[in-house]
2 protein chains.
Amino acid sequence: MADSNPHFMNGVPELLILQVLREREMYGYELVEEIHRRSGTVISIGEGVVYPVLHGLERSGALASRRVKVNGRSRVYYALTPQGAARLEGLSDSWSRLSDAIRLVMTGAAHA
Amino acid sequence: MADSNPHFMNGVPELLILQVLREREMYGYELVEEIHRRSGTVISIGEGVVYPVLHGLERSGALASRRVKVNGRSRVYYALTPQGAARLEGLSDSWSRLSDAIRLVMTGAAHA
DNA sequence: GTATTATGCCTTGAACTTCGAGGTATAAGG
DNA sequence: CCTTATACCTCGAAGTTCAAGGCATAATAC
């Protein structure tokens with residue numbers, strides 16, 4: 001009964017993928033499980049989201065990939081490039097700013 | 001130089017609109033400014049977003065509207081219904097769960 | 001007197017994401 | 001054999017946000 005994450009997911013997959021890849025290189029299938037696990041099973045990215053994001057990030061130079069054969073199965077490992085690190089920093093900042101701003105509105109801040 | 005809010009806005013307008021309307025009834029134009037102000041000018045919803053959301057929420061029974069004439073100008077005030085309050089609660093919870101989960105991933109949580 | 005700004009409502013099309021389902025293939029286990 | 005787990009991928013539907021623009025009244029500026 002894994003509920004999907006509705007409503008607030010825009011841009012989140014890209015942010016989390018970059019963050020996790022900053023720590024070590026991983027392949028798509030692994031990312032899905034790692035993010036699910038580390039989020040306390042709250043976030044389920046799904047392969048239909050991971051692979052397009054991965055390809056887009058590689059195309060834009062944020063990630064570099066290498067194919068590896070493991071037990072006859074083929075894996076594509078992705079690693080952060082310097083551009084990817086910069087992109088992560090930007091996304092991370094804009095996420096922080098947004099979630100802070102939302103907290104302000106939700107707690108009924110008096111004025112700016 | 002009003003920057004737009006990119007990447008992480010999915011579902012946020014609806015959440016904030018419901019939250020602000022829980023405190024008092026308001027009209028569309030006013031909501032845009034109130035949210036912008038209370039967010040510390042970080043969030044700019046835009047009329048092209050506010051009106052469709054307002055109409056959708058009314059159609060689904062979360063809001064009730066009434067027209068008011070003020071100085072010859074016509075305003076449409078929106079107020080939260082009980083259904084709207086329930087919807088707000090649900091959205092607010094799912095926002096909290098998501099932002100907590102993201103924080104877990106971003107801070108490199110050990111495991112579930 | 002007329003032009004511009006501020007108020008206030010609204011719609012439209014493009015662009016982007018996520019989602020869900022499905023397709024391919026190898027390896028292991030019952 | 002047949003199902004499950006691993007691992008890659010694509011596609012179409014659905015839903016949002018965004019930018020731009022249109023309409024109308026009132027107040028201010030020139």
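The chains referred to below are lettered A, B, ... by the order of the sequence lines, with proteins before strands, and numbering in each begins at 1. The structure presented is a predicted model; accordingly, all values stated were derived computationally and were not measured.
At the phosphate of D:dA7, OP1 or OP2 sits under 4.0 Å from a side-chain N or O atom of A:Tyr27. Under 4.0 angstrom from either OP1 or OP2 of D:dA7 there lies at least one side-chain N or O belonging to A:Arg75. When the side-chain nitrogen and oxygen atoms of B:Tyr51 are compared with OP1 and OP2 of C:dC9, one or more of them lie within a distance under 4.0 Å. The side chain of A:His55 places an N or O atom within less than 4.0 Å of a non-bridging phosphate oxygen (OP1 or OP2) of D:dT10.
The separation between B:Glu47 atom CD and C:dT11 atom C1' is 12 Å, rounded to whole Å. The CE-P distance, from B:Met26 to C:dC9, rounds to 11 Å in whole Å. Note: CZ (B:Phe8) to P (D:dC18) measures 13 Å, nearest angstrom. For the pair B:Leu31 CG and C:dC10 P, the computed distance is 12 Å after rounding to whole Å.
With hydrogens and angles disregarded, a donor-acceptor distance shorter than 3.5 Å links the side chain of A:His55 to the backbone of A:Tyr51. Under the 3.5 Å distance criterion, the side-chain polar atoms of B:Ser65 are left unmatched by any main-chain donor or acceptor of B:Tyr78. Judged purely by atom type and a 3.5 angstrom limit, B:Thr81 uses its side chain to pair as donor or acceptor with the backbone of B:Gly61.
The 5' end of DNA chain D is approached more closely, in terms of each residue's nearest nucleotide, by A:Glu33 than by the other of A:Asn10 and A:Glu33. In terms of position along DNA chain D, the nucleotide closest to A:Val70 lies nearer the 5' end than the nucleotide closest to the other residue of the pair A:Val70 and B:Gly11. Residue-to-nucleotide proximity on DNA chain C shows that, of A:Asn71 and A:Pro52, the 5′-proximal contact is made by A:Pro52.
Between B:Arg38 and B:Glu23 there is a salt bridge, since a side-chain N of the basic residue sits under 4.0 Å from a carboxylate O of the acidic one.
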